[in-house]
There are 2 protein chains.
Amino acid sequence: MLSYTEENYLKAIYHLSNAGERLVSTNELAETMQTKPASVTDMAKKLSAKNLIAYEKYYGVNLLKSGKQEALQIIRKHRLWETFLVDKLGFTWDEVHEVAEQLEHIQSGLLIEKLDKFLEYPTVDPHGHPIPDPSGKIKEVKQIPLAEFPVYKKCTIRAVKNGSPSFLQYLSKIGIYIDASVSIVDKVEFDGSLEVSIDNKKRVFISREAAQNLMVTG
Amino acid sequence: MLSYTEENYLKAIYHLSNAGERLVSTNELAETMQTKPASVTDMAKKLSAKNLIAYEKYYGVNLLKSGKQEALQIIRKHRLWETFLVDKLGFTWDEVHEVAEQLEHIQSGLLIEKLDKFLEYPTVDPHGHPIPDPSGKIKEVKQIPLAEFPVYKKCTIRAVKNGSPSFLQYLSKIGIYIDASVSIVDKVEFDGSLEVSIDNKKRVFISREAAQNLMVTG
DNA sequence: ATTATTTTTTAGATTAATCTAAACTTTTAT
DNA sequence: ATAAAAGTTTAGATTAATCTAAAAAATAAT
């Protein structure tokens, strides 16, 4: 069985590598894990010895099949718990991450099975991120940043890319939420900021930076 | 903040000492913690240095006020989670202990507050054990073992003392549950076993040992 | 009241996860 | 193409939680 720390490394590698698409460097991993490069090297050796990651000295790490599978299970648990916290306990979407970081490590297959059923088999979490199914499969939906969507055309907010609490709180404050129907009514040349209409009711200005982090579908 | 292990020691001392009523020996504690006496001594020194327990060499340990308070908070979390697992997720009462042992260590005041509300402020867990309130207070109810209750008189099953999965499964199988209305219809001289009527519908035989572990009120 | 037995503690190792400082590779820039 | 900079690894410590074996104290038994 994996330790709490090993699980967190696998999850971090999963995210940094874009689900295994590219190598992850020691420094990058040290940064996200809030630790020192030397510690990362130690862990890389350990996970490599367990056949969870491929590690080549000085080049970086990436997930092997079993490591990716483990990572997906942890992500599944994380997202199911976030969904529980928001849908059942009334947490706001900016409050859930920290708690889910702890809950994702609870070891019980039965618990996750029953939680999934209780939540009626959700497919996305409160931030719009897909929840892997029991076998680790993810239903990918093509989404593009709001910043790149054509003006005047209606689209639907599907997910947030950067889910930092302050960004999420800001979105709530201006009235943006998952599944909101929006359209760009004006694009400011100068800084790329957007004027956006929400549900044909409300108009707000969004920085280009923010619009890059809002994922939409047409 | 306390480590996972420190929390488990405090909880064990709480239970073994009967909520702080008596000293707990090193060997006893080693037994329940599934570890060696030498390890217990080490931990006793540590918890004592943190002013959570009173530890006198060769005599034993007991909880200090702050240690007892910590223990009660952990027990509160444990029992709220057990209630959640049974009432909301559909676990059976013999399946919950192991999972709650993990969940009780999740650090989030907000989570417990909201969980408590979601469960509508329960006062007892699925085994009939009282749930400490947010300040750690426990509502004690006078209960006696079914084995010591007078014959023919009706009483209500309120709690199980020993909550081992096999005992709980056995109780379910013969139809005994929390809040069941029962009465002793016969007491066998030879071995002290009882014939018990459940809800005036069903009759079962229960060993003296089992009847000692069923707590009832008149 | 000694002796034997049981219990507990101490001393010294071990393992996982971490660190710092020094050594070594790779990459970048001239 | 070589030197400087950046990134990575190794070596050697540290901390928490554990262990074994030996020593010490408390308890029980004669």
Side-chain angles (χ1 to χ4, degrees), chain A residues 1-17 22-63 66-67 70-71 74 101-102 104-107, chain B residues 1-14 16-17 22-64 66-67 70-71 74 101-102 104-107:
Chain A
M1 224 195 15
L2 299 178
S3 74
Y4 188 101
T5 311
E6 289 171 329
E7 289 193 347
N8 281 335
Y9 268 92
L10 291 177
K11 189 173 49 129
I13 296 168
Y14 181 93
H15 289 309
L16 287 171
S17 71
R22 63 172 195 82
L23 282 181
V24 174
S25 77
T26 301
N27 263 4
E28 263 183 296
L29 203 40
E31 176 109 356
T32 32
M33 294 300 294
Q34 310 242 65
T35 187
K36 304 291 161 179
S39 308
V40 172
T41 300
D42 288 346
M43 184 54 82
K45 286 178 187 166
K46 205 199 292 189
L47 294 174
S48 176
K50 292 190 179 187
N51 275 298
L52 294 160
I53 66 171
Y55 166 52
E56 206 181 342
K57 253 181 159 190
Y58 294 105
Y59 281 85
V61 301
N62 208 345
L63 296 172
S66 60
E70 289 285 353
I74 300 158
E101 286 285 300
Q102 298 180 59
E104 73 190 5
H105 299 290
I106 302 292
Q107 302 286 342
Chain B
M1 223 194 19
L2 299 178
S3 74
Y4 189 100
T5 310
E6 290 170 328
E7 290 193 344
N8 281 335
Y9 267 92
L10 292 176
K11 190 173 47 128
I13 297 169
Y14 181 93
L16 286 172
S17 72
R22 62 171 196 82
L23 282 179
V24 175
S25 77
T26 301
N27 263 4
E28 264 183 295
L29 203 40
E31 177 109 357
T32 33
M33 294 299 296
Q34 309 241 65
T35 185
K36 303 291 161 179
S39 308
V40 172
T41 300
D42 288 345
M43 184 54 83
K45 287 179 188 165
K46 205 199 291 189
L47 294 174
S48 176
K50 291 191 179 186
N51 275 297
L52 293 162
I53 67 171
Y55 166 52
E56 205 181 342
K57 253 183 161 185
Y58 293 106
Y59 280 86
V61 300
N62 208 345
L63 295 173
L64 292 178
S66 61
E70 289 284 355
I74 300 157
E101 286 285 300
Q102 298 179 59
E104 72 190 6
H105 299 290
I106 302 292
Q107 302 287 341

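Order of the sequence lines fixes the chain letters, A, B, ..., with proteins taken first and strands second; residue numbering starts at 1 for each chain.
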Q: Could you tell me the separation between the CD1 atom of I13(A) and the CG atom of N8(A), rounded to the nearest 0.5 Å?
A: 11.0 Å
Q. L2(A) has an atom CG; how far is it from atom C1' of dA16(C), in whole Å?
A. 14 Å
Q. If only side-chain N and O atoms of N27(A) are considered, is one of them under 4.0 Å from the OP1 or OP2 phosphate oxygen of dT8(D)?
A. yes
Q) So which of residues 30-40 of chain B are in contact with DNA chain C, with a heavy-atom cut-off of under 4.0 Å? A) P37(B), A38(B)
Q) Expressed in angstrom and rounded to an integer, what is the separation of K45(B) atom NZ from dA16(D) atom C1'? A) 15 Å
Q. Could you state the CD-P distance from E6(B) to dT18(D), rounded to the nearest angstrom?
A. 10 Å
Q.
For A44(B), give me all partners under side-chain contact (heavy atoms from CB on, under 4.5 Å), at least two apart in sequence or on another chain.
A. I53(B), Y55(B), V61(B)
Q. Looking at residues at least two apart in the chain, or sitting in another chain, which of them share a side-chain hydrogen bond (donor to acceptor under 3.5 Å, both in side chains) with K50(B)?
A. E6(B)
Q: Sequence neighbours left out, what passes side-chain contact (heavy atoms from CB on, under 4.5 Å) with S66(B)? Give chain and number order.
A: L52(B)
**Q.** Listed partners of E101(B) passing salt bridge (charged side-chain N to carboxylate O under 4.0 Å, His left out), at least two apart
**A.** K11(B)
Q. Just to confirm, is there a sub-4.0 Å distance from OP1 or OP2 of dT8(C) to any side-chain nitrogen or oxygen of S25(B)?
A. yes
Q) For E70(B), what residues pass the salt bridge (charged side-chain N to carboxylate O under 4.0 Å, His left out) criterion, not counting sequence neighbours? A) none
Heteroatom pairs (N/O) under 3.5 angstrom, protein to nucleotides 1-3 of chain C:
none

Q) What salt bridge (charged side-chain N to carboxylate O under 4.0 Å, His left out) pairs are there with at least one residue in residues 25-44 of chain A, not counting sequence neighbours? A) R22(A)-E28(A)
(Q) The criterion is side-chain hydrogen bond (donor to acceptor under 3.5 Å, both in side chains); which residues satisfy it with T41(A), sequence neighbours excluded? (A) none
Q | S39(B): partners by side-chain hydrogen bond (donor to acceptor under 3.5 Å, both in side chains), with sequence neighbours left out | A | T35(B)
Q. Do you know which two heavy atoms are closest between L64(B) and A54(B), and how far apart they sit?
A. CG-N, 3.7 Å
Q. Who are the side-chain hydrogen bond (donor to acceptor under 3.5 Å, both in side chains) partners of Q102(B), not counting sequence neighbours?
A. none
Q) What's the CG-P distance between L23(B) and dT7(C), to the nearest Å? A) 16 Å
Q | Between P of dT10(C) and CG of D42(B), the distance in whole Å | A | 9 Å
Q. To the nearest angstrom, how far is M43(A) atom CE from dT9(D) atom P?
A. 14 Å
Q) Can a side chain N or O of T41(B) be found less than 4.0 Å away from OP1 or OP2 on dT10(C)? A) no
Q.
I need the residues from residues 47-61 of chain B with at least one non-hydrogen atom less than 4.0 Å from DNA chain C; give them sorted by number, or say none.
A. Y55(B), K57(B), Y58(B)
Q) Please give, in whole Å, the distance from dT8(D) C1' to E28(A) CD? A) 14 Å
